[in-house]
Chemist: 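First, the structure itself, so that you have it in front of you.
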Amino acid sequence: MTEDLHELVSRARRRETQAFETLIRRYERSALAVAYALFKDADRAGDAVQEAFLRAWQQLPRLKESHRFAAWLMQIVRHAAIDMKRRIKPTTEYPDWQAADSNENPVTLTQAAEASERVRTALETLDETTRTILILRYYEGLATREIAELVEMSPAAVDMRLSRGRGELKEHLADLVEGETARIGDRS
Amino acid sequence: MSHEETAYDNPQPEDQAIGRVVRAAVAEDLERQRGRAAMAFREAMQNAAFHMHRETKREPGWGLTFKLHWLAGTSSAIAACLAVVLTAQFLMRPPIAPTGSTATNSQTPVIDRITYTQNFDGGTVVLQDQTPARMLRQQTVKQTEWFDPSENATYSVTQPVETVEYQQLQPY
């Protein structure tokens with residue numbers, strides 16, 4: 001995996017676009033997680049990630065250590081998101097209109113949308129680093145060690161943040177967590 | 001648990017439940033964004049390749065350094081050489097005063113020089129070292145005309161010159 005990464009970064013440095021596209025596919029979810037933790041808006045997170053990968057391509061020849069590629073990329077994503085945030089003027093946001101699916105019960109759909117909104121609001125109460133770590137864990141499914149590499153922290157510090165973040169989310173989302181825990185128990 | 005795993009890589013049911021709740025909310029938003037970055041990258045590379053191809057055809061060797069000026073096209077060079085040869089021949093001959101000339105200095109042949117210049121914005125291009133730059137093109141046509149009364153003929157040399165300048169753009 002590490003050798004593979006080294007090879008891909010070296011090829012991308014030699015301006016092989018296919019190698020860089022492989023890197024984009026590999027790190028896109030992590031990049032989206034980092035940008036989303038800053039923006040709390042998926043569309044804008046997508047914009048920032050798009051810009052970040054273009055910046056990364058331009059700056060890649062300056063990257064000295066290929067094993068640091070992921071952490072280096074996440075810094076670029078973060079800076080791109082911050083720059084974009086500065087440029088964007090505050091606007092009134094309207095809820096997204098979703099196409100109606102005749103197979104889904106409208107009540108179930110509404111409940112799911114409300115639950116998602118509550119989770120997003122609960123995530124906003126966390127600090128940026130803890131939020132990033134939680135999203136990397138649960139959206140991308142990364143292990144502690146992998147998260148630690150991306151955010152350049154020790155695995156112990158990542159675990160501490162995970163524990164603290166979970167504790168805060170449990171407080172805000174007690175009923176949702178209980179319901180989900182019961183469903184997990186029923187299945188096992 | 002291996003030495004690389006930590007306690008939180010093997011969560012309890014309640015932690016798994018939090019994971020599911022968070023994943024359901026976040027993935028719903030973020031999965032729609034996947035694929036955009038690769039598509040944007042591909043598009044940027046195609047645009048860069050297009051500009052590179054266009055510019056390389058016009059001026060081989062461009063992009064080696066910034067703010068290089070190039071004489072463009074073989075026609076410009078030929079015209080310039082012709083101008084030099086004709087001017088040299090003209091200057092080596094004894095000057096001929098035009099018959100009935102109203103010029104104050106009768107030893108000087110009548111020479112008319114007109115220069116036309118126009119500037120174009122060549123748009124944004126990506127140089128070989130992947131630096132974005134703005135291309136500014138200046139096209140100049142120098143026209144030199146004189147009358148030879150001994151042969152009762154008017155000579156004209158047109159010398160087109162194109163200079164291209166690249167201004168470095170700050171990537172945002």
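Proteins get letters first, then strands, A, B, ... in listed order; numbering begins at 1 in each. Note that these values count all heavy atoms, side chains included, but never hydrogens, waters or copies made by symmetry.
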Chemist: With a 4.0 Å cut-off, would you call A:E152 and A:R68 a salt bridge?
Modeler: yes
Chemist: May I ask you to check whether A:Y139 and A:Y36 place their ring centers less than 6.0 Å from one another?
Modeler: no
Chemist: Between A:F20 and B:F41, how do the two ring planes meet: parallel, tilted or perpendicular, split at 30° and 60°?
Modeler: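 Judged by the thresholds at 30° and 60°, the geometry between A:F20 and B:F41 is tilted.
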Chemist: Please look at A:I135 and chain B and tell me whether the side chain, the backbone, both or neither of the residue comes under 4.5 angstrom of a heavy atom of that chain.
Modeler: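 Only the side chain of A:I135 comes within 4.5 Å of chain B.
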Chemist: Assess the residue pair B:Q33 and B:R36 against the criterion (side-chain hydrogen bond (donor to acceptor under 3.5 Å, both in side chains)); give the C-alpha distance rounded to whole Å, side-chain angles, the decisive distance to 0.1 Å, and a yes or no.
Modeler: CA-CA 6 Å; B:Q33 304 299 324; B:R36 278 184 58 190; 2.7 Å; yes
Chemist: For A:L54, is it the side chain, the backbone, both or neither that has a heavy atom under 4.5 Å from a heavy atom of chain B?
Modeler: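 Interface part for A:L54: side chain.
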Chemist: Under a 4.5 Å cutoff for heavy-atom pairs, which residue among A:L176, A:V49, A:T181 has the most contacts with chain B?
Modeler: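 Maximum pair count with chain B is reached by A:T181.
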Chemist: Checking A:R29 against chain B: side chain, backbone, both or neither under 4.5 Å from a heavy atom?
Modeler: side chain
